[in-house]
Amino acid sequence: MKMIEIAPSMLSADFGNLDRDVEMVNRSEASWMHLDVMDGVFVPNISYGFPVIKAIGRNARKPLDAHLMIVNPQNYVNQVRDCGVDLMTVHQEACPHLHRVVQQIKDAGMKAGVALNPATPTMMLDDILPELDLVLIMSVNPGFGGQKFIDLALPKVRRMRGLIDSLGLATRIEVDGGVNMQTGKLLADAGADILVAGSFVFGADDPEATIASLKQL
Ligand code: DX5
Ligand code: ZN
């Protein structure tokens, strides 16, 4: 059976002890570091930007998975790449010229991902799917850590899994928001490849062990 991969969301890290939390993820069984960039326009919150991503990247020994919750992400592709990001994910809802942005990301030497808000149907990616390294299915409305899992993400993951498999693609499915042991199990069964987990990991007494348990789902 394929093992699920875990991408801890650094949004829930302690920014006063950032190096300590980056080291915890380095030691853990996580496969990625998930970095949430919010602009206060596309989502109703502001998180952090390039200087923080660079600071995390300096000590990270896991590849960086950047989730851009911003308008006009096409204007920042090279800056994201220069921060050492491996995989850049933009929102379908933020990109009227999604195909062009995906090409820009790949031309910059990164893997390309596209995220879908809970109310955006998977169908929106039907045509561009063969171009994508990753689809990020949001299981909360983006903007905040610690929100409750939205159940309609599950049929979306199943539908996306079916489509990817029927086309024989290697595109990965990542799910983000409200992941814990219960929702993580449902997502793994539905066909997710990568689970993002923020508050569940960093709020745990033993974050490293929590990552290991999620990986066993
Ligand atoms: C939400 C972010 C998530 C967030 C997840 O907009 O995209 O990555 O950090 O946090 P939890 O796991 O606490 O729902
Ligand atoms: Zn995210």
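Residue numbers start at 1 and run along the sequence shown. In listed order, ligands and their atoms are each counted from 1.
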What atoms in ligand 1 come closer than 4.0 Å to a heavy atom of [X]?
| X | answer |
| --- | --- |
| M69 | 6 (O), 7 (O) |
| L11 | 9 (O) |
| S9 | 4 (C), 8 (O), 9 (O) |
| P142 | 6 (O) |
| A197 | 12 (O) |
| M38 | 6 (O) |
| H34 | 8 (O) |
| V196 | 8 (O) |

Side chains of D36 and S9: donor-acceptor distance under 3.5 Å anywhere?
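Yes - a donor-acceptor pair under 3.5 Å links their side chains.
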If we count only N and O atoms by modelled type, under 3.5 Å, do the side chains of N26 and E23 hold a donor and an acceptor together?
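Yes, because at least one side-chain N or O of N26 sits under 3.5 Å from a partner of the opposite role on E23.
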Rounded distance (nearest 0.5 Å) linking atom OG1 of T120 with atom CE of M123:
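These two atoms lie 10.0 Å from each other.
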For the residue pair [X] and [Y], what are the closest heavy atoms and their distance?
| X | Y | answer |
| --- | --- | --- |
| D65 | W32 | CB-CE3, 3.8 Å |
| A30 | I211 | N-CG2, 3.6 Å |
| N45 | G143 | ND2-O, 2.8 Å |
| A153 | M138 | CB-O, 4.2 Å |

Within the structure, does [X] bring an N/O atom to less than 3.5 angstrom of an N/O atom in ligand 1?
| X | value |
| --- | --- |
| G178 | yes |
| H67 | yes |
| F200 | no |
| S199 | yes |

Is atom [atom1] of [X] surrounded by more than 12 heavy atoms (other residues, nucleotides or ligands) closer than 6.0 Å?
| X | atom1 | result |
| --- | --- | --- |
| D127 | CG | no |
| R27 | CZ | yes |
| M181 | CE | yes |

Give the cluster check for V201 versus I194: same hydrophobic cluster or not, with ILVMFWY residues linked at side-chain heavy-atom distances below 4.5 Å.
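No; tracing contacts between hydrophobic side chains, which count when under 4.5 Å, never links both residues.
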Is there a side chain to side chain donor-acceptor pair (under 3.5 Å) between T183 and N180 once you walk through the steps?
CA-CA 5 Å; T183 56; N180 56 34; 3.1 Å; yes
Can you pull out the closest protein heavy atom to [atom]? Residue, atom name and distance to 0.1 Å, please.
| atom | result |
| --- | --- |
| atom 1 (C) of ligand 1 | F144 O, 3.5 Å |
| atom 12 (O) of ligand 1 | G198 N, 2.8 Å |
| atom 11 (P) of ligand 1 | G146 N, 3.7 Å |
| atom 2 (C) of ligand 1 | D36 OD1, 3.4 Å |

Residue selection (non-hydrogen contact nearest atom 6 (O) of ligand 1) among G145, G203, G143
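When every heavy atom of G145, G203, G143 is considered, G143 comes closest to atom 6 (O) of ligand 1.
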Out of N180, N45, D176, indicate the one that has the non-hydrogen atom closest to atom 5 (C) of ligand 1.
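Looking at heavy atoms only, the winner is D176.
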Is D133 reaching over with its side chain to a backbone N or O of G113, donor-acceptor style, under 3.5 angstrom?
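Flag not set: sc D133 to bb G113 has no pair under 3.5 Å.
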Aromatic rings Y48 and F15: how do their planes relate, parallel, tilted or perpendicular, breaks at 30° and 60°?
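The rings of Y48 and F15 sit tilted, inter-plane angle from 30° to 60°.
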Under the salt bridge (Lys or Arg N to Asp or Glu O under 4.0 Å) test, which residues partner K106, sequence neighbours left out?
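Counting only residues at least two positions away or on another chain, K106 forms a salt bridge (Lys or Arg N to Asp or Glu O under 4.0 Å) with E131.
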Could you pull out the N/O/S protein atoms under 2.8 Å of the Zn ion (ligand 2), ignoring any water?
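Correct list: H34 NE2, D36 OD1, H67 ND1, D176 OD2.
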